[in-house]
Amino acid sequence: MIRKLLFIILASILLAACASKDNVEPPAELMAFVPRASMQQLWSANLGKGSKQMFYALTPASDGRLVFAATVDGHVTARDLLSGRVEWHYSARRDKSLRQQLSAKSFVFTAGPEYGEGIVVVGTAEGFLIALDARNGDRLWIAELSGQVLSKPAIGSGYVVARTLDGRMTAVSALDGSEAWTVEQELPSLTLRGLSNPVIDSGLVMAGFDNGRFLGVELATGGIVWEAPIAIPSGRTELESLVDIDGVFHVSRGLIFVAAYQGKLAAVAMENGQPVWVRDFSSVTGVDADRQYVYATDADSQLWAIDRNTGGPLWTQSDMRARSLTAPAALGSNVIVGDFDGYIHVIEKDTGALAARVRLGKGAITAQPLVINDVLVVQNEKAKLAAYRINPIGG
């Protein structure tokens with residue numbers, strides 16, 4: 001059952017996680033610093049219509065050679081990773097058979113694209129998944145789900161898995177879009193806008209839900225293998241009891257690093273969902289990790305580096321408080337975040353010092369930057385897409 005959702009776009013949640021406009025912390029002013037690296041822009045492109053203040057999950061994906069990106073008005077483009085050259089373009093508006101099949105004039109793309117197993121998949125506000133051939137952009141199939149798709153789908157082992165706004169996670173065949181199974185979690189009466197991106201690994205699909213629970217589900221059957229409570233509602237009011245897991249999480253070497261809003265940051269064993277370590281933490285956007293550290297953006301837009309083995313804090317970067325930072329992305333010796341004013345910030349992972357900064361454009365960057373080998377790809381809410389390399393000063 002779809003309950004009332006709290007579509008919070010107010011700065012009280014997204015900028016400072018406060019409950020009242022009167023208490024909103026103003027965004028930190030960007031301070032001068034001594035650059036330790038430079039941002040080399042490989043290319044940039046204006047994709048089309050933006051999705052300002054809608055906070056859709058439109059983020060680029062890649063197969064290692066091409067970058068796939070979508071716009072809210074139903075376009076998907078494949079570009080060469082290093083040159084930005086357009087390889088193919090798909091338009092739902094021009095797809096006459098799609099419009100005839102569904103008796104619709106247009107579609108609002110809200111999530112994705114994601115790449116896997118030779119296909120590119122996007123989700124729509126109308127509750128559809130659309131699969132395209134990654135080689136040429138031809139539409140392969142369309143699957144109807146139970147609600148709006150607001151998280152990037154996961155693709156693997158013959159399945160496409162997507163979260164919908166009604167609390168369900170659904171798996172469909174990657175071959176033809178036929179439904180395989182659905183898992184449902186009860187929605188609290190109030191939730192943050194957004195959904196956790198599912199991840200497929202080792203026969204499991206993992207995802208966080210609006211009730212603060214993190215699930216490991218058997219990919220082949222949809223059976224719940226384990227549940228991990230990352231946050232437990234404890235406030236006196238519904239607002240104080242918000243415990244969504246909406247941010248991205250990271251899976252590597254048998255561990256899952258995941259954070260919840262008004263909850264915990266935890267390392268969870270993938271085989272059984274048991275915590276390895278847990279610390280108090282609140283995050284809307286999520287985490288990333290490498291072999292040494294876990295990086296997490298908290299609800300105040302402070303960036304943290306955490307020891308991945310113990311959960312102990314190493315440093316906190318607070319110079320960008322209340323700038324609505326994205327989830328971090330680890331790249332080499334740096335960690336990268338975007339902010340509400342279109343800036344990309346590069347931070348040294350060992351020290352937490354600012355290393356470089358560049359502005360993609362005036363549109364907010366709301367999603368975790370994409371790392372492909374040594375290339376960084378970022379998309380903002382005005383549908384501007386760019387690729388960068390980070391070079392040490394003097395290198």
Side-chain angles (χ1 to χ4, degrees), residues 41-51 56-99 106-125 128-143 149 151-156 159-162 172 174-177 197 200 329 331 338 360-361 363 365-389:
Q41 186 178 98
L42 303 181
W43 54 267
S44 67
N46 293 310
L47 303 177
K49 185 177 180 180
S51 56
Y56 292 146
L58 294 174
T59 62
S62 178
D63 63 357
R65 185 181 74 86
L66 298 176
V67 175
F68 309 101
T71 61
V72 68
D73 54 342
H75 296 274
V76 181
T77 305
R79 295 175 180 270
D80 182 85
L81 172 63
L82 299 181
S83 70
R85 183 184 66 251
V86 176
E87 295 283 337
W88 55 255
H89 172 256
Y90 170 82
S91 170
R93 180 177 299 178
R94 297 176 184 173
D95 190 340
K96 294 182 179 179
S97 63
L98 175 69
R99 299 202 315 270
S106 63
F107 294 88
V108 177
F109 285 3
T110 53
E114 181 60 295
Y115 167 81
E117 303 192 350
I119 62 175
V120 175
V121 180
V122 290
T124 79
F128 295 102
L129 292 177
I130 298 175
L132 309 175
D133 191 322
R135 297 170 300 179
N136 52 29
D138 290 346
R139 181 169 55 83
L140 300 175
W141 50 259
I142 183 167
V149 184
S151 68
K152 177 175 281 197
I155 305 172
Y159 294 91
V160 178
V161 182
V172 302
L175 183 63
D176 60 13
N197 298 337
I200 294 172
L331 173 55
L360 173 59
I365 301 169
T366 61
Q368 181 185 44
L370 175 66
V371 173
I372 311 159
N373 300 319
D374 64 341
V375 176
L376 182 74
V377 180
V378 185
Q379 181 175 342
N380 69 14
E381 282 199 325
K382 290 193 174 182
K384 185 173 182 179
L385 182 73
Y388 300 89
R389 277 202 176 98

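Counting all heavy atoms, side chain and backbone alike, Ala70 lies closest to Gly112 at CB-O, 4.3 Å. Considering every non-hydrogen atom in both Pro113 and Lys152, the closest pair reads O-CE, 3.1 Å. Ser91 approaches His89 most closely through the heavy-atom pair CB-CE1, 3.9 Å. Across every non-hydrogen atom of Leu98 and Tyr90, the tightest pair is CD2-OH, 3.3 Å. Glu117 approaches Tyr159 most closely through the heavy-atom pair OE1-N, 4.4 Å. Of all heavy-atom pairs spanning Leu66 and Ala78, the tightest one is CD1-CB, 4.3 Å.
Exactly one of Asn46, Ile365, Leu47 qualifies for a side chain to side chain contact (heavy atoms under 4.5 Å, CB included) with Lys384. That residue is Asn46.
The shortest distance between side-chain heavy atoms of Val72 and Phe109 does not fall below 4.5 Å. Residues Leu132 and Val122 are not in side-chain contact: their nearest non-hydrogen atoms beyond the backbone lie 4.5 Å or more apart. Looking at Asp138 and Trp88, their side chains never come closer than 4.5 Å, going by heavy atoms from C-beta outward. Contact of the Ser62 side chain with the Val377 side chain is not registered, since no non-hydrogen atoms from C-beta on lie closer than 4.5 Å. A heavy-atom distance below 4.5 Å is found between the side chains of Val86 and Thr77. Side-chain contact check for Val160 versus Ile119: some heavy-atom pair is nearer than 4.5 Å. Between Arg139 and Ile130, the closest side-chain pair of non-hydrogen atoms falls below 4.5 Å. Between Trp141 and Val172, the closest side-chain pair of non-hydrogen atoms falls below 4.5 Å.
Between Phe128 and Phe107, the ring planes lie perpendicular to each other; the angle is over 60°, past the 30° to 60° tilted range.
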**Study point:** Chi angles and distances behind the side-chain contact (heavy atoms from CB on, under 4.5 Å) call for Glu381, Thr366
**Key:** CA-CA 7 Å; Glu381 282 199 325; Thr366 61; 3.5 Å; yes
Practice item. Decide yes or no on side-chain contact (heavy atoms from CB on, under 4.5 Å) for Trp43 and Leu385, but give the supporting numbers first. Key: CA-CA 8 Å; Trp43 54 267; Leu385 182 73; 3.7 Å; yes
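Every residue meeting the side-chain hydrogen bond (donor to acceptor under 3.5 Å, both in side chains) condition with Glu87, not counting sequence neighbours, appears here in chain and number order: Arg85.
Note that CZ of Arg389 is 5.5 Å distant from CG of Leu42, once rounded to the nearest 0.5 Å. Here the straight-line distance linking atom CG of Leu376 with atom CG of Leu331 works out to 6.0 Å at 0.5 Å rounding.
Judged by distance alone, the side chain of Asn373 and the main-chain N or O of Val375 form no donor-acceptor pair under 3.5 Å.
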